[in-house]
Amino acid sequence: MAVQFDAVQKGHSIEAGMNGRPVINWPLENQGVSLDGIKYALVWQVEPDLFQKVPDLEVIFSAGAGVDKILSSSSVPNVPIVRFVDPTLTNRMSEWVCLQCLMHLRQQRQYDLLQSKKEWRELRQAEAKELCVGIMGMGVLGQDAAKKLAILGFEVIGWSRSRKEIPGIVCYAESGMDEFLSRTDLLVGLLPATRQTSGFFNRAVFEKLKRNPSMRLPVFINAGRGQSQVEKELVECLQDGTLGGASLDVFETEPLPAASQLWGLDNVVVTPHVAASSDVIALGRYVDGQIERYESGKPLENIVDRNAGY
Ligand code: NDP
Ligand code: OXD
């Protein structure tokens with residue numbers, strides 16, 4: 001029996017993917033029901049005392065790829081936490097990242113402005129191969145986006161804690177950060193929210209990016225977590241030309257407050273944390289598959305490293 005706490009999108013049911021496995025939706029349907037004997041929980045947002053109500057829990061499944069909300073709960077028990085890794089999510093993220101890189105390459109925001117003024121004017125057109133996309137966070141999502149951006153013709157480089165070996169993509173580890181930034185026109189953030197990444201994307205980082213005065217560059221594109229960006233400095237950098245533009249799917253505070261200046265800057269794309277929403281049926285199928293593995297004695301996959309925080 002799996003308990004799904006809050007991972008349902010309205011109108012969709014996780015059960016459709018779960019191969020007949022019984023599911024309790026909590027707390028919507030079962031307030032007051034005992035959760036003794038429940039072994040599996042599927043969670044996204046976590047109430048502070050949630051896990052205390054499930055004494056027999058053996059595995060926690062995250063309804064998303066990120067687990068920061070789960071790890072920030074003070075009551076999280078010492079059981080494996082499995083994050084969601086699935087082609088449906090990975091493909092969606094790569095679509096969003098490629099879309100944003102192409103929008104900035106093709107200066108779509110400026111053409112939108114020209115259209116609003118009924119102005120017929122051609123802007124200088126760079127080719128993808130003239131721009132370097134630097135991806136910070138070369139995990140499941142970063143690597144897939146990197147490969148797809150390379151197919152589109154961009155020069156792609158990557159940076160992560162441990163250096164990766166990916167044909168055709170120059171990869172850096174932590175110590176190579178300054179060189180990585182100095183080569184980057186389009187900076188893509190796909191980092192998890194951890195103690196180490198908190199406030200990471202700040203003025204000091206943006207100032208180290210490659211300068212390219214012929215286009216509105218460099219550009220910051222973030223779909224990792226809002227906690228990794230310092231929005232006050234980001235806004236200032238967008239206003240003083242340190243950054244030529246941004247595409248943001250994640251924010252320090254979500255929903256993005258109406259008072260945020262990010263809503264109104266003309267070269268900033270704002271999307272409401274939808275770059276790669278979890279597909280509910282795929283999520284059900286994934287959790288069912290992992291439970292089947294666990295119950296047949298095989299190791300669970302994509303277990304979170306609690307010390308690293310992702
Ligand atoms: P992974 O765990 O596969 O990858 C994380 C990457 O970040 C790894 O390459 C890791 O390095 C790197 N990393 C972590 N901490 C540091 C650090 N301090 N310094 C340098 N590199 C670091 O995660 P995913 O690719 O699956 O997902 C990434 C994040 O994307 C999620 O944690 C989530 O926050 C976000 N996300 C956002 C969504 C959205 O809709 N906006 C949807 C899904 C996910 P190493 O490889 O060495 O471990
Ligand atoms: C995730 C997300 O982590 O949607 O999966 O943010």
Side-chain angles (χ1 to χ4, degrees), residues 6-9 42-46 60-72 81-97 99-100 134-148 156-166 169 171-178 180-181 187-202 205 221-229 246-252 254-256 269-280 282-283 286-287 301-310:
D6 53 7
V8 193
Q9 286 166 2
L42 172 60
V43 247
W44 184 233
Q45 312 269 3
V46 185
I60 297 170
F61 294 98
S62 167
V67 291
D68 41 294
K69 291 189 177 74
I70 297 174
L71 291 179
S72 67
I81 302 171
V82 174
R83 61 191 205 92
F84 185 36
V85 176
D86 189 76
T88 53
L89 189 148
T90 306
N91 290 337
R92 283 174 188 188
M93 180 58 82
S94 291
E95 287 162 10
W96 187 89
V97 171
L99 172 68
Q100 303 310 320
I135 303 180
M136 297 192 110
M138 286 294 282
V140 175
L141 302 182
Q143 290 191 35
D144 190 69
K147 289 173 194 157
K148 289 172 180 168
V156 184
I157 59 177
W159 180 88
S160 47
R161 273 174 75 209
S162 56
R163 204 172 73 77
K164 307 289 181 258
E165 295 283 346
I166 304 170
I169 293 166
C171 290
Y172 294 85
E174 279 176 288
S175 61
M177 184 165 107
D178 284 4
F180 166 91
L181 291 172
L187 176 64
V188 174
L190 283 172
L191 290 171
T194 66
R195 272 195 306 280
Q196 286 71 31
T197 61
S198 174
F200 179 85
F201 294 110
N202 56 26
V205 163
I221 296 170
N222 196 10
R225 279 291 181 268
Q227 289 84 340
S228 68
Q229 70 202 14
S247 290
L248 306 168
D249 185 59
V250 290
F251 302 90
E252 284 173 4
E254 295 179 3
L256 180 63
V269 175
V270 168
T271 55
H273 201 141
V274 290
S277 303
S278 298
D279 176 276
V280 174
L283 178 62
Y286 175 80
V287 171
E301 295 168 313
N302 306 308
I303 295 183
V304 172
D305 173 346
R306 287 187 189 222
N307 288 328
Y310 63 97

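Keep in mind that this is a model prediction, so the values were computed, not measured. Counting starts at 1 for both ligands and their atoms, following the listed order.
In terms of the side chain to side chain donor-acceptor pair (under 3.5 Å) criterion, residue partners of Arg163 (sequence neighbours excluded) are, by chain and number, Glu165. In this structure, Glu254 has no salt bridge (Lys or Arg N to Asp or Glu O under 4.0 Å) partners at least two apart in sequence or on a different chain. Every residue two or more places apart in sequence or in another chain that forms a side chain to side chain donor-acceptor pair (under 3.5 Å) with Gln229 is listed here: Asn222, Glu231.
A side-chain contact (heavy atoms from CB on, under 4.5 Å) with Leu283 holds for exactly one of Thr88, Leu42, Asp86; it is Leu42. Exactly one of Val304, Val43, Val46, Val82 qualifies for a side-chain contact (heavy atoms from CB on, under 4.5 Å) with Ile60. That residue is Val43.
Ser62 places no side-chain N or O within 3.5 Å of a backbone atom of Val67 that could act as its donor or acceptor partner. Panel note: side chain Lys164, backbone Ser162; a donor-acceptor pair is recorded below 3.5 Å.
Residue contacts with ligand 2 include His273, since one or more of its heavy atoms lies under 4.0 Å from the ligand. The shell of residues lying under 4.0 angstrom from ligand 2, judged by heavy atoms, excludes Ser277.
Interface of Arg225 with ligand 2, defined as ligand atoms under 4.0 Å from a residue heavy atom, comprises 1 (C), 2 (C), 3 (O), 6 (O). Each of the atoms 4 (O) of ligand 2 lies under 4.0 Å from some heavy atom of Ala276. With ligand atoms numbered from 1 in the order given, ligand 2 contributes 1 (C), 5 (O) to contacts under 4.0 Å with heavy atoms of Gly64.
Considering both main-chain and side-chain atoms, Gly66 comes within under 3.5 Å of ligand 2 through a nitrogen or oxygen pair.
Looking at Ala63 against ligand 2, nothing comes within 4.0 Å, counting heavy atoms.
Under 3.5 Å, the side chains of Arg225 and Tyr310 contain no donor-acceptor pair of N or O atoms.
Taking both residues in full, the closest heavy atoms of Gly66 and Trp44 are given as O-CZ3, 3.5 Å, listed atom of the first, atom of the second, then distance.
Residue, atom and distance of the protein heavy atom nearest to atom 5 (O) of ligand 2 are Ala65 N, 2.7 Å.
Classification of the Phe180-Trp159 ring pair by plane angle, with boundaries at 30° and 60°, yields tilted.
Ordered by chain and residue number, the residues placing a heavy atom less than 4.0 Å from ligand 1 are Ala65, Gly66, Arg83, Leu89, Met93, Gly137, Met138, Gly139, Val140, Leu141, Trp159, Ser160, Arg161, Ser162, Lys164, Glu174, Leu190, Leu191, Pro192, Gln196, Thr197, Ala223, Gly224, Arg225, Asp249, Val250, His273, Ala275, Ala276, Tyr310.
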